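I have placed the structure first, in the form of structure tokens, so that the comments after it can refer back to it.
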Amino acid sequence: MIGWRFAPKAGRREAKWLGGAVRNYFRKSYGPGWALVGDAGYQKDPCTAAGITDAFRDAESLALAVNEGLSGRGSLEASLPSHEWRRNETAMPFHDFTCQQATFEPPSAEISALLEALQFSRDDTNAFFGVT
Ligand SMILES: Cc1cc2nc3c(=O)[nH]c(=O)nc-3n(C[C@H](O)[C@H](O)[C@H](O)COP(=O)(O)OP(=O)(O)OC[C@H]3O[C@@H](n4cnc5c(N)ncnc54)[C@H](O)[C@@H]3O)c2cc1C
């Protein structure tokens with residue numbers, strides 16, 4: 001116990017604290033002969049730990065769009081814009097939430113109420129963190 005109390009005074013920092021930032025962006029996700037998924041198409045601060053979930057969802061959405069466009073059931077000209085629209089509709093609210101969290105300011109009253117309410121529902125908590 002005594003060692004624990006005095007240990008911080010005995011230590012010293014060996015190197016500078018380093019920080020970094022991640023650019024936030026939404027890029028056009030398709031063009032003639034190409035498409036973007038995951039961080040290549042849409043990126044946000046990692047503080048909400050959702051980038052991998054988003055990348056998987058994005059890949060699934062693009063696979064659906066490509067299948068629709070190449071299977072004869074539709075055209076790529078129609079399905080790829082639908083893919084981008086789906087991505088933006090789904091990701092934009094959480095992107096905005098992430099930007100707010102990344103400021104390290106206290107959450108808004110609305111977000112505080114949401115986070116408090118989540119503790120009472122396992123299903124809603126899972127949905128919020130994308131683990132359903
Ligand atoms: C510090 C930090 C912490 C994070 N923590 C979490 C977390 O806890 N949970 C979470 O869900 N997400 C987290 N993320 C976000 C997550 O890592 C990304 O959103 C996710 O990895 C994106 O996957 P991706 O496949 O789109 O891209 P990436 O994982 O970046 O994969 C792209 C790959 O393509 C390669 N590549 C690039 N250009 C070329 C080229 N021209 N030719 C060939 N290969 C190329 C790259 O080397 C890379 O291997 C974090 C991110 C950071 C920076």
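In each ligand, atom 1 is the first atom listed, and ligand 1 is the first ligand listed. Only a predicted model underlies this, so the values are computations on that prediction, with no experimental measurement involved. Just so you know, these numbers use all the heavy atoms, side chains as well, and skip hydrogens, waters and symmetry mates.
For atom 8 (O) of ligand 1, a protein heavy-atom neighbour is found at a distance under 4.0 Å. Within a 4.0 Å radius of atom 48 (C) of ligand 1, the protein contributes no heavy atom. Atom 34 (O) of ligand 1 is never approached by the protein to below 4.0 angstrom, counting heavy atoms only. In this structure, atom 44 (N) of ligand 1 has no protein heavy-atom contact shorter than 4.0 Å. Under the 4.0 angstrom criterion, atom 12 (N) of ligand 1 counts as having a protein heavy-atom contact. Put simply, atom 52 (C) of ligand 1 has protein non-hydrogen atoms near it, under 4.0 Å away. Protein heavy atoms all stay at least 4.0 Å away from atom 39 (C) of ligand 1. Per-atom contact check: atom 18 (C) of ligand 1 touches the protein, criterion being a heavy-atom distance below 4.0 Å.
At a threshold of 4.0 Å, the pair R86-E84 does not count as salt-bridged, since none of the basic side-chain nitrogens sits closer than that to a carboxylate oxygen. With salt bridges taken as basic N to acidic carboxylate O contacts below 4.0 Å, none links R87 and D54.
Considering only non-hydrogen protein atoms, atom 23 (O) of ligand 1 sits nearest to A55 CB, 3.9 Å. Looking only at protein heavy atoms, the nearest one to atom 16 (C) of ligand 1 is I52 CG1, 4.0 Å. With respect to atom 15 (C) of ligand 1, the closest heavy atom belonging to the protein is G51 CA, 4.0 Å.
Using a 3.5 Å distance cut-off with no hydrogens or angles, the side chains of S79 and E68 do not pair a donor with an acceptor.
Within a 6.0 Å sphere centred on CD of Q119, other residues, nucleotides and ligands contribute more than 12 heavy atoms. Crowding of R73 atom CZ: a count of heavy atoms from other residues, nucleotides or ligands under 6.0 Å exceeding 12. In this structure, Q100 places its CD atom where more than 12 heavy-atom neighbours from other residues, nucleotides or ligands lie under 6.0 Å away.
When each atom of ligand 1 is checked for a heavy atom of D39 under 4.0 Å away, the hits are 18 (C), 19 (O), 20 (C), 22 (C), 26 (O). In summary, the atoms of ligand 1 found under 4.0 Å from a heavy atom of G38, numbered by their order in the structure, are 26 (O).
Distance alone, capped at 3.5 Å, is enough to place a donor-acceptor pair between the S82 side chain and the A78 backbone.
Take F56 and apply the ring-ring contact (aromatic ring centres under 6.0 Å, His included) test, not counting sequence neighbours, and it matches no residue.
When A49, P46, A50 are checked for heavy-atom proximity to atom 3 (C) of ligand 1, P46 turns out nearest.
In this structure, the ring of Y42 has its center no less than 6.0 angstrom from the ring center of F94.
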